[in-house]
Amino acid sequence: MTPFKQKVIEIIRLIPYGRVASYGQVALYAGSPRAAREVGWILNEHGKDLPWWRVINKQGYLSIRGGSTYDKSLQKKLLEAEGVEVSEDFEVPIEKYRWIITPEEAQRVKLPEDYLENKIRPMGL
DNA sequence: ATCTTGACTTGCC
DNA sequence: CGGCAAGCCAAGA
């Protein structure tokens, strides 16, 4: 269990009910802006202990692949149960539901200071 | 040690 | 819209 993994798990647990975050966003908050792929790997491994359905890709699509333990239909159901809109083709208006970390939470997970000073936001925001 | 893969993202046609 | 390459980090072969 690497520190990065621990962080990622911590971050994902911070995502509130009814909100979503992208893989890249989680990676960013965990201190490695480009480790989005690793986030997916971690979710696949620790999904059972996490609100895995609140993590989607940046374009708003549910990224789960066929072979995974989890599937899009279940994710769609779980999201809708929290009030998040999911279209027929599994697209979510992510900007509408995106979770932005608060300074308090950032401190709790020891997010490097410059992330806050520069007011770094999720990629593309 | 080296190479491939992946629930990703971005940039460049 | 769509495809493709590169970057990233860890796991497995």
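Per chain, numbering begins at 1; letters A, B, ... match sequence-line order.
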Whole angstrom value for the distance that separates [atom2] of [N] from [atom1] of [X]:
X: A:Y61; N: C:dC1; atom1: OH; atom2: P; value: 7 Å
X: A:N44; N: C:dC9; atom1: CG; atom2: C1'; value: 16 Å
X: A:K48; N: B:dA7; atom1: NZ; atom2: C1'; value: 16 Å
X: A:N57; N: B:dC8; atom1: CG; atom2: C1'; value: 7 Å
X: A:I56; N: B:dA7; atom1: CD1; atom2: P; value: 17 Å

> Once you round to the nearest 0.5 Å, how far does OH of A:Y23 lie from CD1 of A:I12?
Replying inline: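 A:Y23 atom OH to A:I12 atom CD1 measures 9.0 Å (nearest 0.5 Å).
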
Distances under 3.5 Å between protein N/O atoms and the N/O atoms of nucleotides 10-13 of chain C, please, pair by pair.
residue : atom : partner : partner atom : Å
C:dA10  : O4'  : A:E38   : OE1          : 3.0
C:dA10  : O4'  : A:E38   : OE2          : 3.4
C:dA11  : OP1  : A:K5    : NZ           : 3.3

> With A:K7, which residues qualify under salt bridge (Lys or Arg N to Asp or Glu O under 4.0 Å), at least two apart?
Replying inline: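 Partners of A:K7 under the salt bridge (Lys or Arg N to Asp or Glu O under 4.0 Å) test: none.
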
> If you find the nucleotide of DNA chain B closest to A:Q75 and the one closest to A:Q59, which residue's nucleotide is nearer the 5' end?
Replying inline: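 It is A:Q75 whose nearest nucleotide is closer to the 5' end.
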
>> Regarding A:R98 and A:E95, does a basic nitrogen lie under 4.0 Å from an acidic carboxylate oxygen?
In response: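 Answer for the salt bridge query: yes.
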
>> What I want to find out is whether A:E38 reaches A:K5 closely enough, with some N-O distance under 4.0 Å, to be called a salt bridge.
In response: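 No.
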
What's touching nucleotides 5-8 of chain C from the protein side, N or O pairs under 3.5 Å?
residue : atom : partner : partner atom : Å
C:dG7   : O6   : A:R37   : NH1          : 3.0

>> My understanding is that only residues two or more places apart in sequence, or in another chain, count here; which of them pass side chain to side chain donor-acceptor pair (under 3.5 Å) with A:E88?
In response: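 Partners of A:E88 under the side chain to side chain donor-acceptor pair (under 3.5 Å) test: none.
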
> Taking only residues two or more places apart in sequence, or in another chain, which ones meet A:K96 in a side chain to side chain donor-acceptor pair (under 3.5 Å)?
Replying inline: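 So A:K96 forms a side chain to side chain donor-acceptor pair (under 3.5 Å) with A:E85.
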
For residues 73-82 of chain A, please give each side-chain donor-acceptor pair under 3.5 Å, one per line with the distance, not counting sequence neighbours.
residue : atom : partner : partner atom : Å
A:Q75   : NE2  : A:W53   : O            : 3.0
A:Q75   : NE2  : A:V55   : O            : 3.3
A:K76   : NZ   : A:E80   : OE2          : 3.0
A:E82   : OE1  : A:G18   : N            : 2.9
A:E82   : OE1  : A:R54   : NH1          : 3.2
A:E82   : OE2  : A:W53   : NE1          : 3.0
A:E82   : OE2  : A:R54   : NH1          : 2.5

> Does the side chain of A:V92 come within less than 4.5 Å of A:Y61's, by heavy atoms?
Replying inline: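 In short, these two side chains do not touch, never coming nearer than 4.5 Å.
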
